[in-house]
Amino acid sequence: MASLTTKNLTKSFGTVEVLKGIDLEIDDGGFLVLVGPSGCGKSTLLNCIAGLEKTTSGEIRIGERNVEGLHPSQRDIAMVFQSYALYPNMTVRGNISFGMEIRGIDKAEQERAIAEVAEILQIGDLLDRKPMQLSGGQRQRVAMGRALVRHPQVFLFDEPLSNLDAKLRVDMRTEIKRLHHRLGTTIVYVTHDQIEALTLASKIAVLEAGYLQQAGTPDEVYNDPANMFVADFMGSPSMNLIESTLVEAGTGLAIVISGHGGSEITLPAPDTPEMRKHVGGPVVFGIRPEAMTDPDGADRTSPRIETRDCFIEVSQPAGSDTFALTPLGGKECIARFRADARIELGAFAPVSFNMTKAVFFDPITTDRIR
Amino acid sequence: MRDRFQEWVPRIVLAPSFAAVLIFVYGFILYTGWLSMTNSRMLPNNDFIGLANYTKLFGLKHWHIALTNLAIFGVLYIVISSVLGLFLAILLDQQIRNEGFIRTVYLYPMAISFIVTGVAWKWFLDPGIGLENTMHQWGWESFEFRWIKDRDFAIYTIVIAAIWQSSGYVMAMFLAGLRGVDNEIIKAAQVDGASGFLIYRRIIIPMMRPVFLSAFVVLTHLAIKSYDLVVAMTGGGPGRATEVPATFMYSYTFTRNQMGVGASSAIIMLIMVFSIVVPYLYSEIRHGEKQK
Amino acid sequence: MSHPAQENAINAGRLTRILIYTVLIFFVIYYLLPLWVMVSNSLKTLDEIRGGDMLAPPADITFEPWRQAWSQTQIGVEATGLKPYFLNSIIMVVPAVLLSTLLGALNGYVMTKWEFPGVNLIFGAMLLACFIPFQIVLIPMARILGMLGLAGTLGGLIMVHTVYGLGFTTLFFRNYYAAFPTELVRAAQIDGAGFFQVFRRILLPSSGPIIVVTIIWQFTNVWNDFLFGASFSGYSSTPITVALNNLVNSSTGVKEYNVHFAGAILAALPTLVVYIVSGRYFVRGLMAGAVKG
């Protein structure tokens, strides 16, 4: 087990720069999730860590060791691939033992190791089957078994659940979390699914266009996003990003938001030096759907609930909640009402804004204004 | 240390093949190109004479016969093989019983050498023992078929044998193409009220364009390279009546000791093939890249 | 070719279907006719051929022409039959096919799984090389073989066929391996497998079909070759196609048609057997050879 560090890591394919200076750190035993839309460079970053791609510049350390130039097999890592990459011509047993065979580990030891992972993953009765004869979930387990048997310093997972159906995905997610808990090995996990990131990670790194947008705990990334991209990407439904104008109001600051048919609502804004720089100009007001509720559903522990009348256009019952759509700042915004809240469509209704959860962004740079 | 080595292994593995192709294909093309501009006779020499061999080549009646024959052979061979191939493919696509057997029969000539094909057709078309004689035996005394001995018609007997050899291949290409047509398109056409041959004529055959192109390139390439079949069937005769560029090149280079002229004819053949193949490969590869 | 017949079929009346079958059967006869002529006449006596109906079955079956063709008839100066030339062809074909297939497999492996800058250019160069008219290389090749002391030897022919087979074998394997999941290669690398271990343990076990296709393709092409055989073989290295042509087109002596036909069948037999035994793979090779890129 070891920590993992990357310093100013860059990677180019020809003239295309895919990773533009990535600085990352994950502690020993941590669970780092790399998340971002497709093409953001997350898989490339993982491949660089694995040694499957050569980095263009920068440094990767596993534990205290700089692994630059080391063959993947010498980095003391193990990897689970999106397609599982099980060798089709070998049995499950053969798949798990292949690496040990290459390293020249003796037969008895191999058998012992196979038995151990088979027990952990409950794949003992599959050992003599070929990958073709396994279901998706079973392949997934075998792929993890192949990684597990190496007792690596770091586990790398490349979108391991994306080929499973929704139900199985949830089961395997739990399984991976349990496994991490049991083994305590450092994990780097790539996914484009932000829910997976939030549920699994001890640390999330959000990537976009080759840049690291934010790295932090799930709570930080979710509640305290560094910029509009992270705010929008994490969470489902995603954060409402509402155009507004920042004005002085009495002793403090306030934002003015245009609503339905020329109506306007005004909400208090935090009075900070940074915010003051934007007075008179546009700011983006970010608020998550669960912080926009019907008044009875509002978080009573919050000291700053502001209730305003908003025009409700559409409602979408979603079982446990009902989402109400209201036009604010020229966009449809989603508010999360209790399932049994009475909603009248095409009319104004009071909506409670939990302003402790409100965040603000500079519309030009898209960065957070603190 | 081991990693640096591992990095070089792929290049080392590819190197011999690359070197071989570089020397034995491209180097040789350049060398033949150079020879075509020397007055090499029985042996290669380096007396540069510019394009004199080409001037001489295109002044030779012999070469004109070869080109004319290639044109006749090429056009008939390509057109008839394609039409016949497409025709047979469409017929075979009608849920035919024993399709596998019929397909196997149509295609087997492609497995045997042009020399064997040549021998079979040479004697089959021979007036003395072949078809003509057989018809006479059957009582059709006036039947006459002596093209293979006739200067004006011998080239057509080569066309017949060549079509026999490769039309099954073209059929297989078209059949694969027909089977690749999206079923839903055909259903859509049926819903539109089209039926039977109209669907083929208006929908399916126009979709076979890539297959036509592939067949055209393969057949052209075979036609220009054709050497074995002519040698086996007629040896270029009667007289020089069935001489083609491939036999011309061989005889000028190796039996008439006019290596310079032979080399220039080889270069002309190369230009002919490449002018068909290079644009085709280019578009295929570009198409392939786009699909990625 | 193994796709099921789909519903392109024309909903035709009985008459049309009878017509379709008639045409198809007519062409079955057309394609089989030369083979029938060869087989039946190879079993006839010379007198029967001269005096009779070429399409008729033999009146008196005789295997003498086959014996003649195999071991007795005069080819060139010696009365050896086709036997030694048949053996020459085998000695030439086996190493040429194996070598070019192995190299093609390695090339395809490098080109798809170990790409380095310039690899596509190399592939383009090899692909184009598939299409050159071989007349363009005859003169320099004759010189090089002479310089290497390989002129007129089977070794020389093996080399020639290996080199000019590389383009297609590489193409076949490259296209096949391009569809082979790269993640498997990566998984094996993480497991510690090196270049050759990945090839031998991961790719080769899954390469059965393409190996068969390539071997059949190369076998057919090399066995059926005439141009290189005629140009570069010597007295003791003549392959069977050249020998057959010498037999049939020799200007001296009586034309023994029955022996010619028997010889032609002998020359065609190995590739025909391969075709009949594994036609599916043969067709796949033809298709791969036609549709590139």
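Sequence lines set the chain letters: A, B, ... in the order given, protein chains first and strands last, and positions in each chain run from 1. Not measured: the values here are computed from a predicted model.
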First locate atom OG1 of B:T32, then atom CG of C:L138, and finally report the distance between them rounded to the nearest 0.5 Å.
8.0 Å
Rounded to the nearest 0.5 angstrom, the CD1-CD1 distance for C:I136 and B:I267 is 3.5 Å
If I measure from the heavy atoms of chain B, does C:Y30 come under 4.5 Å with its side chain, its backbone, both, or neither?
both
Cut-off 4.5 Å, heavy atoms of chain B, and the answer for C:V274 is neither
Just by distance, do the side chain of B:Y26 and the backbone of C:A125 share a donor-acceptor pair under 3.5 Å?
yes
In the structure I gave you, are the side-chain heavy atoms of C:F261 and B:W123 within less than 4.5 Å of one another anywhere?
yes
Using a 3.5 Å distance criterion without hydrogens, assess whether the side chain of C:Y21 forms a donor-acceptor pair with backbone atoms of B:R97.
yes
Decide if atom OH of B:Y282 counts as having more than 12 heavy atoms of other residues, nucleotides or ligands within a radius under 6.0 Å.
no
Side-chain heavy-atom pair B:F124, C:L55 within 4.5 angstrom cut-off
yes
Non-hydrogen side-chain atoms of C:F116 and B:L14 separated by less than 4.5 Å
yes
Test item: C:Y275 side-chain N/O and B:T104 main-chain N/O as donor-acceptor pair under 3.5 Å:
yes
Is the backbone of B:A111 close enough, under 3.5 Å, to the side chain of C:T271 for a donor and an acceptor to pair up by distance?
yes
B:V105 portion near chain C, given a 4.5 angstrom heavy-atom threshold:
both
For C:N107 versus B:V13, what's the shortest heavy-atom pair and its separation?
OD1-O, 4.2 Å
Pick one of side chain, backbone, both or neither for C:S231, based on which atoms fall under 4.5 Å of a heavy atom in chain B.
both
Is there side-chain contact between B:P10 and C:F195, with heavy atoms separated by less than 4.5 Å?
yes
Measuring from atom CD1 of C:I122 to atom CZ of B:F18, what distance do you get when rounded to the nearest 0.5 angstrom?
4.5 Å
Counting only heavy atoms closer than 4.5 Å, note whether C:L269 contacts chain B via side chain, backbone, both or neither.
neither
State, to 0.1 Å, how close C:C130 and B:H221 come at their nearest heavy-atom pair, and which atoms those are.
O-NE2, 4.2 Å
Approximate separation, where rounding is to 0.5 Å, of C:L128 CG and B:F274 CZ
3.5 Å
Any C:I132 side-chain heavy atom under 4.5 Å of B:F28 side chain:
no
Identify which part of C:T241 has an atom lying under 4.5 Å from any heavy atom of chain B, answering side chain, backbone, both or neither.
both
Does the side chain of B:M249 reach to within under 4.5 Å of the side chain of C:I139, using non-hydrogen atoms?
yes
Under 4.5 Å from any heavy atom of chain B, what part of C:L35 do you find: side chain, backbone, both or neither?
both
With a 4.5 Å limit on heavy-atom distance, are the side chains of C:R17 and B:I96 in contact?
yes
Criterion side chain to side chain contact (heavy atoms under 4.5 Å, CB included) on C:F131 and B:I276, from CA distance to verdict
CA-CA 10 Å; C:F131 291 96; B:I276 303 280; over 6 Å; no
What part of C:V137 gets closer than 4.5 Å to chain B, counting heavy atoms only: side chain, backbone, both or neither?
both
Should the ring pair B:Y106 and C:Y31 be called parallel, tilted or perpendicular, given that the plane angle runs from 0 to 90° and is split at 30 and 60?
tilted
Can you tell me how far apart OH (B:Y108) and CG (C:L272) are? Round to the nearest 0.5 Å.
7.5 Å
Does C:F27 reach the side chain of B:I102, with side-chain heavy atoms less than 4.5 Å apart?
no
Measuring heavy-atom distances to chain B, does C:M141 have an atom under 4.5 Å in its side chain, in its backbone, in both, or in neither?
both
